[in-house]
Protein chains: 2
Amino acid sequence: MSGNVLNDKTLELIAERFRLLGDPVRLRLLQTLEAGELSVADLVAATGAAQASVSKHLQLLLRGGLVQRRRQGMFVYYSVADGRVFELCDVVCGSLTAYLERELEQLGGHAGGDGEGRTPGHHDQGNG
Amino acid sequence: MSGNVLNDKTLELIAERFRLLGDPVRLRLLQTLEAGELSVADLVAATGAAQASVSKHLQLLLRGGLVQRRRQGMFVYYSVADGRVFELCDVVCGSLTAYLERELEQLGGHAGGDGEGRTPGHHDQGNG
DNA sequence: TGACCATATGCACATAATCGAATATATTAG
DNA sequence: CTAATATATTCGATTATGTGCATATGGTCA
């Protein structure tokens, strides 16, 4: 972006990559892999998703170049190949937070009174 | 991300937002709006998409808080409400470029010789 | 070799997303 | 009010995407 005009093919590639990130299971896998490489079995245990599901999502991430794999004995270890995904998630989190705060102001009528500065980087977290 | 553990609901919200960006028509609309606000008719003319399609995609972007609207007479002018989308697209472009360069090295064997530093910001552009 | 384990894939099904055509709504002008 | 224009929405068809189950593949070990 940033003043460029992208052709249709490039735009489709970008969209495809966004779609790749547009699934909660895949996001969970990436987040779980953030700490370091894990086997498929580890990921199944960590995420609670079915083995077939995990494996299929990993293939998608692999083809998209977001993760890489390494075989060791019977196990296959996956790891994040492109740390930019976390940057993307952070930006989206910020975008979401800003959006929700705008929504709140719309409804309740500027109760917080923080003015314009939104509390940066507290995102959501906290398990529910 | 960045060391946080996001709950399922948050993860679903993030995924949903990525999906919102996962359509080439919507990306084209956002890119077209980058220069400034435009009416629906303008966007239809600029993108070549059907009026109903443009209108529907705009509603999705609107509900997601990525664009905002302003009515003036019979026309409705849309503009980008969250500039982060362009940042996201830039990061994805970089990710794509890196991925494709890795693919190239895999196949042809390091012909470019750029080493690690990818040429920043040249993306793709050039209409096809 | 065959038993066994981890991972990947194929298939049927359900659901979500997109599109095109038609139509509804909103706004202005007469 | 009606006519005209811009935008939004509905409907049906089509396609993409995700899931669960079963099974295939690839590797280790006896």
Side-chain angles (χ1 to χ4, degrees), chain A residues 8-9 11-33 37-81, chain B residues 8-9 11-33 37-81:
Chain A
D8 290 351
K9 201 162 182 178
L11 225 49
E12 176 52 61
L13 279 177
I14 300 176
E16 189 181 349
R17 181 142 284 219
F18 277 125
R19 262 177 279 139
L20 189 56
L21 294 172
D23 180 276
V25 177
R26 287 194 288 273
L27 290 181
R28 177 69 76 199
L29 288 172
L30 288 168
Q31 189 205 273
T32 307
L33 286 173
E37 73 172 10
L38 290 173
S39 71
V40 177
D42 292 336
L43 289 167
V44 168
T47 65
Q51 180 268 323
S53 178
V54 169
S55 195
K56 271 182 264 193
H57 283 298
L58 284 172
Q59 297 319 302
L60 293 176
L61 293 172
L62 183 65
R63 278 172 221 153
L66 296 185
V67 302
Q68 53 199 177
R69 40 172 287 170
R70 175 178 74 85
R71 179 140 223 156
Q72 179 170 328
M74 279 187 305
F75 296 85
V76 175
Y77 291 92
Y78 283 86
S79 56
V80 176
Chain B
D8 291 350
K9 201 163 182 178
L11 225 50
E12 177 53 60
L13 279 177
I14 299 177
E16 189 181 351
R17 182 142 282 218
F18 276 127
R19 262 178 278 141
L20 189 56
L21 294 172
D23 180 278
V25 176
R26 288 194 289 272
L27 289 181
R28 177 70 76 200
L29 289 172
L30 288 168
Q31 188 204 276
T32 307
L33 286 173
E37 72 171 11
L38 290 172
S39 71
V40 177
D42 292 336
L43 289 168
V44 168
T47 64
Q51 181 269 324
S53 178
V54 169
S55 194
K56 272 181 277 191
H57 284 297
L58 285 173
Q59 297 321 302
L60 293 177
L61 293 171
L62 183 65
R63 278 171 221 154
L66 297 185
V67 302
Q68 53 199 175
R69 40 171 286 168
R70 176 178 73 86
R71 179 139 222 158
Q72 179 168 329
M74 278 188 304
F75 295 85
V76 175
Y77 291 92
Y78 283 86
S79 56
V80 176

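Note that the structure is a prediction, hence the values are computed from the model and not measured. So you know, we letter chains A, B, ... as the sequences are listed, proteins then strands, and number each from 1.
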Report yes if some heavy atom in the side chain of A:Leu58 is under 4.5 Å from a heavy atom in the side chain of A:Arg69; otherwise report no.
-> no
Just how far, in rounded Å, is C1' of C:dC19 from CG of B:Leu29?
-> 15 Å
Quick one, give me the B/S/- string for nucleotides 13-18 of chain C, reading 5' to 3', where B means a protein heavy atom under 4.0 Å from the base and S means that only happens at the primed atoms, P, OP1 or OP2.
-> ----SS
Side chains of A:Arg28 and B:Asp8 in contact at under 4.5 Å (non-hydrogen atoms) | yes
Distance in Å, B:Thr47 OG1 paired with B:Leu27 CG, rounded so as to fall on 0.5 Å steps = 12.5 Å
Is the side chain of B:Arg26 donor-acceptor paired with the backbone N or O of B:Leu61 at a distance under 3.5 Å, no angle test?
-> no
With the side chain counted from C-beta on, respond yes when B:Glu16 and B:Arg19 share a heavy-atom pair under 4.5 Å apart, and no when they do not.
-> yes
Residues B:Thr32 and B:Ala46: closest non-hydrogen pair is CG2-CB, 3.8 Å
Distances for protein N/O vs nucleotides 5-10 of chain D N/O pairs under 3.5 angstrom?
| from | atom 1 | to | atom 2 | distance (Å) |
| --- | --- | --- | --- | --- |
| D:dT7 | OP1 | B:Val40 | N | 3.3 |
| D:dT7 | OP1 | B:Val76 | N | 3.3 |
| D:dT7 | OP2 | B:Ala41 | N | 2.9 |
| D:dA8 | OP1 | B:Gln59 | NE2 | 3.4 |
| D:dA8 | OP1 | B:Arg69 | NH1 | 2.7 |
| D:dA8 | OP1 | B:Tyr78 | OH | 2.5 |
| D:dA8 | OP2 | B:Ser55 | OG | 2.8 |
| D:dA8 | O5' | B:Ser55 | OG | 3.4 |
| D:dA8 | N7 | B:Gln51 | NE2 | 2.9 |
| D:dA8 | N6 | B:Gln51 | OE1 | 3.2 |
| D:dT10 | O4 | B:Lys56 | NZ | 3.3 |

Do the non-hydrogen side-chain atoms of A:Leu21 and B:Leu21 ever get within less than 4.5 Å of each other?
-> no
B:Arg28 CZ - C:dC19 P separation (whole Å) = 14 Å
Distance only, no hydrogens: is a donor on one side chain within 3.5 Å (strictly under) of an acceptor on the other, for A:Arg70 and A:Gln72?
-> yes
